[in-house]
Amino acid sequence: MDVLLQQIINGLVLGSMYALVALGYTMVYGIIGLINFAHGDVLMVGALTSWTIIGLMREASPGMPLWLVLLVATLIAMVVCAALNFTIEKLAYRPLRNSSRLAPLITAIGMSLLLQTIAMIIWKPNPKSYPSMLSREPFEFGGAVISVTQVTILATTAITLAFLMWLVNKTNLGRAMRATAENPRVAALMGIRPDVVISATFIIGAMLAAIAGIMWASNYGTVQHAMGFMPGLKAFVAAVMGGIGNLAGAVVGGIALGLIESLGAGYLGKLTGGVLGSQYTDIFAFIVLAIVLTLRPSGLLGERVADRA
């Protein structure tokens, strides 16, 4: 029972990070029908930016509380990622908005490779240790062990998701997002500026990716230029599982995928008699995706126009 609870906690933490990145995918897709495959690399830029800021701040102000250093680094990383995604949308995607869907897709893949290359030049290719900014002292919960970092990840994700749902459903910007997703031309006739709304969507998605990147680095303790590829790919799987374009579906898909991977890591070896170990858990994301798309092509919750953003 202790092992099961431990794997559930690990799965919730992992799924929370997937959910934040999946929301960025589903928001952009909900408005312009684009899969931004560079989104995972924005996560990587956020993590590496925070790593740099943390190093500079600890050098300049050794006595500053670590939680404050992490907070400042997170805010700066969010700004950097927002500016980056704004630039990507304006220069790489906007000129191709009325072209066939293949052109933006190829551009997104190319942008992903470009960001990885630039990051490799700036930060070098070797993995770097990410400093522990929160207490390392774990505590027990129902027989399982949970760290302060994991609790912070869960709490931050819950607060961020609640804020995003409020933003989309209760604010003028959210209404403009939903109107643009429904029909950009009609929205423009009503005084909404679709280009501004689309840019805002990319900016919000980038901020979520930056937070997820810092969570990922804090949880696993390392950063490098290629760290965003697999989380980005799995978050896309989570968005499709939940119903691409559906905000609630992105969250459900992310949590579900995290739980499936974590439980698989804990029990795969036993179920296969030791033939397969925890190193094979990456296959679960794609097996589950194939099953979901076969049985329910629209995703677990389907696509709801009212939830597009």
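Keep in mind it's a predicted model, so treat the numbers as computed, not measured.
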Would S129 and W51 count as having a side-chain donor-acceptor pair, cut-off 3.5 Å? no
Could you go through residues 204-229 and list every donor-acceptor pair under 3.5 Å that involves a side-chain atom there, pairing it with any protein atom two or more places apart or in another chain?
from : atom 1 : to   : atom 2 : distance (Å)
S218 : OG     : I214 : O      : 2.8
T222 : OG1    : K128 : O      : 3.2

With heavy-atom distances below 4.5 Å as the criterion, would you say the side chains of N85 and I203 are in contact? no
Side-chain heavy atoms of L23 within contact of L164, under 4.5 Å: yes
CE/M27 to CG/N36 distance, rounded to the nearest 0.5 angstrom? 12.0 Å
Short side-chain to backbone donor-acceptor contact, Q6 and V145, under 3.5 Å: yes
How many angstroms lie between OH in Y25 and CD1 in I244, if you round to the nearest 0.5 Å? 9.0 Å
Without swapping roles, check the side chain of S199 against the backbone of F86 for a donor-acceptor pair under 3.5 Å. no
CE on M57 to OG on S50, rounded to 0.5 Å: 11.5 Å
Without swapping roles, check the side chain of T160 against the backbone of T156 for a donor-acceptor pair under 3.5 Å. yes
Ignoring hydrogens, what is the shortest heavy-atom contact between T49 and A77? Give both atom names and the distance. CG2-CA, 4.0 Å
Surrounding CZ of R175 (heavy atoms of other residues, nucleotides or ligands, distance under 6.0 Å), is the total greater than 12? yes
Grouping I, L, V, M, F, W and Y whenever their side-chain heavy atoms are under 4.5 Å apart, do L56 and V69 come out in a common cluster? no
Can you find a heavy atom in the side chain of I291 that is under 4.5 Å from one in the side chain of M241? no
Hey, any chance I88 and I118 share a hydrophobic cluster, counting ILVMFWY side chains that come within less than 4.5 Å of each other, even indirectly? yes
Residue list, side chain to side chain contact (heavy atoms under 4.5 Å, CB included) with V186, at least two apart or on another chain: N183, M190
Is the backbone N or O of G63 less than 3.5 Å from a side-chain atom of S61, with the two atoms forming a donor-acceptor pair by type? no
Rounded to the nearest 0.5 angstrom, the CD-CG distance for Q7 and L259 is 10.5 Å
Taking the side chain as every heavy atom from C-beta outward, state whether H39 and L43 have any pair of such atoms under 4.5 Å apart. no
Does some side-chain heavy atom of M17 sit less than 4.5 Å from a side-chain heavy atom of T157? no
Got L75 and V79 here, is their nearest side-chain heavy-atom distance under 4.5 Å? no
Could you name each residue pair satisfying ring pair (Phe, Tyr, Trp, His ring centres under 6.0 Å) that touches residues 153-207, not counting sequence neighbours? Y93-F202, F163-W166
Answer yes or no: is there a donor N or O on one side and an acceptor on the other, between the side chain of Q150 and the main chain of S147, under 3.5 Å? yes
Would a 4.5 Å heavy-atom cut-off, applied to side chains only, mark I255 and S16 as touching? yes
Kindly compute the distance separating CD1 (I54) from OG1 (T74), expressed to the nearest 0.5 Å. 7.0 Å
Under a single-linkage definition using a 4.5 Å side-chain heavy-atom cutoff for Ile, Leu, Val, Met, Phe, Trp and Tyr, are I122 and M111 assigned to the same hydrophobic cluster? yes
Distance, nearest 0.5 Å, that separates CZ of R94 from CG of L34: 13.0 Å
With a 4.5 Å heavy-atom cut-off, do T149 and V13 have their side chains touching? no
Criterion side chain to side chain contact (heavy atoms under 4.5 Å, CB included) on V28 and I35, from CA distance to verdict: CA-CA 7 Å; V28 170; I35 301 298; over 6 Å; no
